[in-house]
Amino acid sequence: MAIVKAVRGTRDLLPFETELWNRVEAVARSVFARYGFGEIRTPIFEATELFARGVGEETDIVSKEMFTWEDRARAASEKSQSLTLRPENTAGVVRAYIENKLDATGNLQKLYYIGPQFRRERPQKGRYRQFFQIGAEVIGPQSAGSESPVRDAEILEMLSTLLDELGVKGWQLDINSVGSSTDRPRYVAALKEALAPVKHRMCEDNQRRAETNPLRVLDSKDENDQEIINGLPKIADFLDAASTEHFAQVRAALDASGVPYRINPRLVRGLDYYTRTTFEFTVPDGSGLGTQNALLGGGRYDGLSEMLGGPRAPGIGFAIGADRLILILQAQYPEATAKQLDAYIAPMGVPQNAAALALARELRRAGLSVEVGDGSFRLKKSFEAADKVARRVVILGEDEVATGILTVKTFATGEQVKIARADLIESLR
RNA sequence: GCGGCUAUAGUUCAGUGGCAGAACGCCGCUCUGUGGCAGCGGAUGUCGUGGGUUCGAAACCCACUAGCCGCCCCA
């Protein structure tokens, strides 16, 4: 019979790697807590309309990458509704902010989340249909300082701390400002105008982008088009005074904290809600990500709450591609060793099984990690089994049970000692 | 969604139309309470799935599925 397999773009995470996942998540929670963030858990599916309005109808995510279905009415009084597995989490967090009236607290909300997201893209290394993001949002009324450049710089400084604490090597921070919600349309219009007379000389992709999404032209890697791209209007020239000042203050704060960054005027992000500061952390080629070099991205979204029918609530946030972060760490630390148990108890002979399990219970209650073999194993087999999973083997034969003097061998050194049962726990720590 | 490459043992891979292979790993024995080394032996398998060509297909053809690479886009 044919076996049922995990569906395209999804995968199982087994213990040898969930250990790293748990470590990454623990470090993230620890860092977030120090910056005053609390965890939020939003539903894994939402009304389709949330993403259409929040992320943007014309974005690739919404127009072709969502898992959407019609939840049909089951009674005359029930309405059918279009639902979607969340393709990102910012829209959901802002929806929760509005719905739970968190603005009424008057406080800045600092919220983080860790969870699966879903996009129906073609899978590749570092790109899955169910993938995991670790993200955070700072959002609140203007009176709470949600619009302050301090928030932008704090988020970026926190991310640099997180990546350093995780041991990610060679990360690079790119920042840009895409301007306010009025700057951005003015710039896009100017870009379109500038592209009109020259786009016919550009590659096919860029000709299409010039029409559909001019900002994306800036991202192009096409070598022949670089000269034209360099001659296009710069976003910096279209920022109003407030946005220019805002960006300057973000940079000044980063400089003061010693966070290295690069201003990248071509950094545009694909989601419609971004305003002012946008950023991206990348790692160099050969860091385990294949062609994907962005491991996290984010930006400011001063108008998102209002787009979703909520109060004015400026915010800024980011999402880390956890799958990509794991790939990087696995590539940068290939020798990371599997965790070893404190002891393996080897009963000699089936009659010793009961005593072995009782001893294991005692050790485990004392906080030691322990595995128990089986009395039917030959001692040689017990040693082989023990060496694979534990640092030490405790031999429990007829003699040991009778005398209470146990034999303990440490694999790393080959040292073997006799230890009274009363002293065993201390000697295994 | 588009293009390319790939799919054979647990793993990495060889096998260009004629009996399904190697290395590593695994299991057993040499060795009845001492592993790592060594020797000997053993099991590896619907050759991704389905169809076609052929006397004969792991191999050639088609479709499908999945992975990887590139594009698009993004985390």
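A note on names: the letters A, B, ... follow the listed sequences, proteins ahead of strands, and every chain is numbered from 1.
Salt-bridge annotation for A:E227 and A:R201: absent, with no side-chain N of the basic residue lying under 4.0 Å from a carboxylate O of the acidic one. A salt bridge links A:E154 to A:R151: at least one charged side-chain nitrogen sits closer than 4.0 Å to a carboxylate oxygen.
Among the heavy atoms of the strands lying under 4.0 Å from A:R119 is at least one base atom, whether or not backbone atoms are also near. Within 4.0 Å of A:G375, counting heavy atoms only, lies no atom of the nucleic acid at all. When heavy atoms are screened at a 4.0 angstrom cut-off, A:E398 is found touching base atoms of the nucleic acid. A:E400 comes within 4.0 angstrom of a nucleotide base, judged by non-hydrogen atoms across all strands. A:F318 comes within 4.0 angstrom of no nucleic acid atom, judged by non-hydrogen atoms across all strands. Residue contacts shown for A:D323 are absent, as no nucleic acid heavy atom lies under 4.0 Å away. Base contact: A:Q416 has a heavy atom under 4.0 Å from a base atom. Counting non-hydrogen atoms under 4.0 angstrom, A:I134 reaches nothing in the nucleic acid. Nucleic acid contact class of A:G349 (heavy atoms, under 4.0 Å, all strands): none.
The base of B:C73 sits with one of its N or O atoms less than 3.5 Å from a complementary donor or acceptor on the side chain of A:R127. Between the base of B:G3 and the side chain of A:R122 there is a donor-acceptor pair shorter than 3.5 Å.
Phosphate proximity of B:A7 to A:K5: absent, as no side-chain N or O sits under 4.0 Å from OP1 or OP2.
Across the strands present, B:U34 finds no partner; the criterion is a Watson-Crick or G-U wobble pair with both atom distances under 3.5 angstrom. Taking a pair to require two hydrogen-bonding distances under 3.5 Å in either a Watson-Crick or a G-U wobble arrangement, B:A7 pairs with B:U65.
Closest approach to the A:E121 side chain among B:A75, B:G35, B:C26 is made by B:A75 (side chain taken as heavy atoms from C-beta onward).
Rounded to the nearest 0.5 Å, atoms CG (A:L163) and CH2 (A:W171) are 6.5 Å apart.
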